[in-house]
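Inspection log for the structure reproduced underneath, given as structure tokens.
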2 protein chains.
Amino acid sequence: MSLDADRASLPVGVFDSGLGGLTVLKEIHKVLPSENLIYFGDTARVPYGNKSAATIIRYSREIAEFLIARDVKAIVVACNTASSYALDALRGMTDIPVLGVIDPAVRSLTQKAPRKSTAGLIATKSTIASHAYDAALERHRGDQFLVSRACPLLVPLIEEGYAESQAADLILRDYLGPMVERGVEYLLLGCTHYPLIAQAILRLYPHLKLIDSAEETAAELKNLLADRGALRSGTKGSVELYVSDMTESMRALKELFFEGAVDRFEIAHIGEQ
Amino acid sequence: MSLDADRASLPVGVFDSGLGGLTVLKEIHKVLPSENLIYFGDTARVPYGNKSAATIIRYSREIAEFLIARDVKAIVVACNTASSYALDALRGMTDIPVLGVIDPAVRSLTQKAPRKSTAGLIATKSTIASHAYDAALERHRGDQFLVSRACPLLVPLIEEGYAESQAADLILRDYLGPMVERGVEYLLLGCTHYPLIAQAILRLYPHLKLIDSAEETAAELKNLLADRGALRSGTKGSVELYVSDMTESMRALKELFFEGAVDRFEIAHIGEQ
């Protein structure tokens with residue numbers, strides 16, 4: 001095997017604060033079915049979305065150490081909150097490429113949304129507070145204007161099976177009504193859970209065009225691996241899931257976000273956790 | 001000073017997974033205004049209510065070590081989930097008395113609710129899964145029958161200011177409707193957040209009689225300290241709050257649960273966290 005072929009056979013590491021990042025893993029598995037995938041979900045400390053930058057960075061570093069020790073060829077930060085705060089810290093730890101979910105989504109927005117239009121962003125409190133999407137918009141020279149709204153109730157509503165409910169509709173109208181009144185047409189789904197409430201959003205506001213990081217991130221990962229000659233081809237890749245805590249509800253969430261069999265789904269303790 | 005007077009001047013330690021336990025602290029401060037109080041909220045890993053027994057016990061032990069190192073004369077576990085799983089583990093660590101919030105509430109239920117009646121319990125998923133309330137009912141020789149319901153959306157609704165909203169009403173009807181149909185009259189509020197949604201519950205179901213652990217636990221702590229000659233009297237006690245993470249939303253939650261000035265409110269890192 002050549003050096004490149006050796007490297008190509010290494011797994012891709014993907015992580016999230018919990019199990020929501022499985023929506024990104026699912027898309028990667030669809031676009032790159034031959035890749036071996038290792039996922040880590042920090043279910044013992046989930047959620048990150050209300051926590052401080054310092055804590056989010058510390059937890060993300062511990063997870064990155066776990067993935068680096070498993071010799072991954074790339075790390076995908078499949079968590080908007082961790083992507084908002086920890087990318088620089090992780091890139092300082094390793095030469096392995098580290099890909100977040102924010103830049104792919106913002107690049108897609110700049111390509112699709114009309115120039116000078118007002119776009120919407122919904123995300124966790126910490127992601128909104130980080131202004132990471134504004135910074136990404138600047139990096140990609142987008143001239144769209146962003147109106148953002150922290151939507152902390154959407155994750156629990158989705159996890160509890162209330163995505164399609166009258167209560168969720170009321171809360172979605174609270175969150176999105178003012179944006180829609182300001183003329184928003186493109187809406188960035190800035191949290192990995194949100195694709196699971198997309199249908200409810202479109203039922204209430206059918207004119208909205210949703211941008212979901214999962215697809216964009218999977219496409220960008222494919223390009224990144226191709227550029228480095230590190231794409232694995234041939235047989236179907238394996239999917240291994242590790243979590244820092246496991247309960248019955250976590251098993252149910254795994255099915256909600258990533259249906260069906262995986263090669264491994266078990267507890268792994270990381271860092272100081 | 002006598003030995004007893006020495007011990008009486010030591011602080012009482014109180015802890016919770018986050019800031020909800022401040023509803024218990026507030027009650028203790030009201031009933032025992034001369035006591036020095038040290039509170040620890042594990043805001044870097046909150047919530048505990050969806051996590052496993054092993055994880056909840058590990059976190060609780062780390063917090064107990066923090067409090068023991070501060071020479072507390074008693075530990076109040078102001079978190080139903082930690083009280084459900086960790087009391088035995090904590091009692092194995094120390095001779096300091098450890099008081100949970102479940103026994104005081106259940107004792108009150110056995111005294112108030114009619115014999116053989118059906119009482120309701122609402123709590124987190126992990127608390128319900130532990131059957132800790134059933135075990136306490138047996139310890140107190142209560143012959144009431146418990147119907148329980150995990151209510152994972154109530155904490156986020158309360159924390160996001162949705163306790164009095166049409167959405168919360170819909171969700172409360174989902175959670176409580178079936179209990180009320182089964183003839184429940186006494187309802188145990190099995191989570192420290194729930195006193196903040198009590199008014200909405202009583203607006204929907206005015207016949208319910210709510211049992212809140214905070215009052216019962218404060219009364220039991222008073223008896224426990226009195227029995228040991230360890231009550232502090234005289235000048236107003238100090239209130240110190242420590243958290244494992246701090247953000248703007250956590251400062252707002254502190255005000256929601258414990259209004260006004262405290263002597264200290266700062267970050268403290270514990271155990272392996």
Side-chain angles (χ1 to χ4, degrees), chain A residues 17-19 42-59 62 81 124-126 128-130 150-162 165-175 243-253 267 269-273, chain B residues 17-19 42-59 62 81 124-126 128-130 150-162 165-175 243-253 267 269-273:
Chain A
S17 57
L19 295 164
D42 195 5
T43 51
R45 303 189 290 201
V46 73
Y48 289 2
N50 299 325
K51 286 161 193 164
S52 70
T55 295
I56 295 160
I57 291 170
R58 184 156 49 94
Y59 292 172
E62 289 171 11
T81 307
T124 65
K125 285 184 186 179
S126 300
I128 298 293
S130 75
C151 299
L153 288 171
L154 298 189
V155 167
L157 287 167
I158 292 164
E159 293 196 347
E160 296 310 319
Y162 276 76
S165 71
Q166 214 184 325
D169 284 1
L170 288 165
I171 290 167
L172 282 171
R173 284 187 196 281
D174 262 18
Y175 285 156
V243 286
S244 48
D245 195 19
M246 184 92 83
T247 63
E248 274 316 302
S249 9
M250 290 166 196
R251 289 182 199 279
L253 285 181
I267 289 194
H269 288 296
I270 56 162
E272 311 158 20
Q273 166 274 325
Chain B
S17 57
L19 296 164
D42 195 5
T43 52
R45 304 189 291 201
V46 72
Y48 289 1
N50 300 324
K51 286 160 193 167
S52 70
T55 295
I56 294 161
I57 291 169
R58 184 154 49 93
Y59 292 172
E62 289 171 9
T81 307
T124 65
K125 286 184 185 179
S126 300
I128 299 292
S130 75
C151 300
L153 288 170
L154 298 189
V155 168
L157 286 167
I158 291 163
E159 293 197 347
E160 295 309 319
Y162 276 76
S165 71
Q166 215 185 325
D169 283 1
L170 288 164
I171 290 166
L172 282 171
R173 285 188 195 280
D174 262 19
Y175 286 155
V243 287
S244 49
D245 195 18
M246 183 92 84
T247 63
E248 273 316 302
S249 9
M250 290 165 196
R251 289 181 200 278
L253 285 181
I267 289 193
H269 289 296
I270 55 161
E272 311 159 18
Q273 163 273 325

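Letters go in sequence order (proteins before strands), and every chain restarts at 1.
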Can you see which heavy atom on [X] is nearest to which on [Y], and at what distance?
X: T55(A); Y: A44(B); result: CG2-CB, 4.2 Å
X: K51(A); Y: D245(B); result: CB-OD2, 3.3 Å
X: M250(A); Y: N50(B); result: CE-O, 3.4 Å

* **Atom group of S52(B) that falls short of 4.5 Å from chain A, counting heavy atoms** => both
* Counting only heavy atoms closer than 4.5 Å, note whether L157(B) contacts chain A via side chain, backbone, both or neither. =>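 Contact with chain A involves both backbone and side-chain atoms of L157(B).
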Contact class of [X] relative to chain B, heavy atoms under 4.5 angstrom:
X: V46(A); result: both
X: T43(A); result: backbone
X: Y48(A); result: neither

* **From CD1 (I171(B)) to CD (E160(A)), nearest 0.5 Å** =>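 It is 10.0 Å, given to the nearest 0.5 Å.
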* Among E159(A), M246(A), E248(A), Q166(A), which residue forms the greatest number of heavy-atom pairs with chain B at distances under 4.5 Å? -> Q166(A)
